[in-house]
Amino acid sequence: MPMTSRREPAVLVAGLLTSVLWVGSAVLSDRVDVTVTGQTILAALLAGAVVVALTYLATRRLPPRTGTPAVFLGSWFAVVVGGAAGAVADVVADVTFPSPENPAFLLLTASFDGGSWGLAAGWLVGLVAVGTLGLTSRRDPASLPATRRARKPLRARAYPTVLVAGGVGALVWASVGAAGSWLVWHRSARGPVDLLAEVTSGAMAWRFTAGRTVVEPLEVGLAVLVGLVVAGGTWLATRRLPPRASRWSLVLAVWFVTISASSVAAASRSVTAFAVGELRSTTLNLALSSVQASIFWPLVLGWSAGLVAALVYRATGGEPGGVPAADPAGSTSVEGRVEPVATAGTIGATPGDDLPRSTLHTDAEEPAPVP
């Protein structure tokens with residue numbers, strides 16, 4: 001589906017702003033030499049292109065003035081992915097083979113840095129994208145046809161989606177931690193296991209050694225925290241989001257929420273484990289490193305919670321009271337004939353009279369009954 005003029009400015013502005021922020025961050029991080037190299041420009045363009053693609057998916061088939069929280073979270077997620085892609089591409093350009101260090105660790109560290117950059121800067125891109133989309137979606141309600149003004153959007157019960165998304169997010173967080181902990185404690189090959197330990201360090205910590213509790217109470221509390229954060233973010237993403245408008249909007253939003261939940265859990269674990277009496281600079285540095293390492297696994301597996309949430313949200317969507325949608329201008333029969341729909345109290349009323357008034361028209365457009 002090609003981009004419409006309503007979505008084009010928001011998508012392009014999000015990608016351009018991401019590239020500008022990338023270059024600006026590179027300049028501010030090196031105050032001695034402010035020369036911007038071509039490698040930095042290419043990494044910035046790659047990050048911006050990724051943001052354009054994912055923001056396009058987040059706004060695809062979304063009606064005007066709907067799904068604003070989902071677009072905001074989806075755009076934020078796009079910046080996280082774009083930052084990781086740009087950082088990896090920047091490191092790949094500097095890697096020489098044979099490399100004295102393991103290239104896998106270099107690329108993994110780069111993805112940590114780029115993802116954390118997107119987590120810190122993505123909110124600004126999300127706000128600008130939502131604002132631009134709102135400006136290009138402004139229309140005078142009086143200029144719309146009466147049937148479009150009267151039609152109410154489909155609604156879905158958000159609570160099943162919220163509960164399912166929170167449960168899946170916590171389950172994936174615990175499962176990734178269990179798999180990583182088991183391989184670390186029961187395998188002797190250090191290279192791949194060390195790499196896996198870095199990837200799963202932000203997930204739930206399990207202890208498989210004899211004489212120790214398999215799961216500590218702190219980890220159980222963090223699992224509950226992850227579920228609550230994912231559930232709360234999913235509830236926010238479903239605000240004013242039509243269930244049959246765009247599945248990608250909810251998938252990307254919940255995907256980002258899993259990243260946020262993992263980061264919150266990792267920061268809480270670090271602060272709880274290392275803070276003694278007061279917060280110190282070393283404690284904050286350890287918490288920051290833990291947050292960076294916790295971004296990778298939800299970046300790879302967070303789609304599962306988003307996909308399940310989108311499917312459940314679509315399945316629970318429908319007209320109020322389970323009444324199917326009807327066209328106020330007429331209804332099409334099985335043979336393809338258009339049959340007029342009259343309102344209650346008029347001569348020649350059809351079975352459409354039994355439909356709720358909110359399904360067909362508003363009170364302002366209620367025709368006067370024939371005496």
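Counting from 1, the numbers follow the sequence of the chain as shown.
- Thr37 and Thr40 share a side-chain donor-acceptor pair at under 3.5 Å.
- Cluster membership for Leu57 and Leu307, using ILVMFWY side-chain heavy atoms within less than 4.5 angstrom, is shared.
- Side-chain contact between Val254 and Trp303 is absent, with no heavy atoms from C-beta onward closer than 4.5 Å.
- At a threshold of 4.5 Å between side-chain heavy atoms, the hydrophobic network of Ile, Leu, Val, Met, Phe, Trp and Tyr places Leu54 and Leu16 in two separate groups.
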Please tabulate, for side-chain N and O atoms in residues 79-93, each donor-acceptor pair with protein atoms closer than 3.5 Å (sequence neighbours left out).
unit_1, atom_1, unit_2, atom_2, d
Asp90, OD1, Gln39, NE2, 2.2

Test side-chain contact (heavy atoms from CB on, under 4.5 Å) applied to Trp173 and Leu222, step by step: CA-CA 10 Å; Trp173 184 77; Leu222 291 178; 3.6 Å; yes
Run the side-chain donor-acceptor check on residues 113-135: report pairs under 3.5 Å with partners two or more places apart or on a different chain.
unit_1, atom_1, unit_2, atom_2, d
Ser116, OG, Phe112, O, 3.1
Ser116, OG, Asp113, O, 2.8
Ser116, OG, Gln292, NE2, 3.4
Trp117, NE1, Ser25, OG, 2.9
Trp123, NE1, Ala120, O, 3.0
Thr132, OG1, Val128, O, 2.8

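- Val215 is listed as a side-chain neighbour of Met204, based on a closest heavy-atom distance under 4.5 Å.
- Nearest heavy-atom pair across Val51 and Ala78 is CG2-O, 3.5 Å.
- Not counting sequence neighbours, the partners of Ser249 by the side chain to side chain donor-acceptor pair (under 3.5 Å) test are Ser246.
- Smallest separation of non-hydrogen atoms from Ser263 and Ser294: CA-OG, 3.6 Å.
- Of the residues listed (Thr234, Val308, Val312), the one engaging Val168 in a side chain to side chain contact (heavy atoms under 4.5 Å, CB included) is Val308, and it is the only one.
- Atom OG1 of Thr59 is separated from atom OH of Tyr56 by 8.0 Å, given to the nearest 0.5 angstrom.
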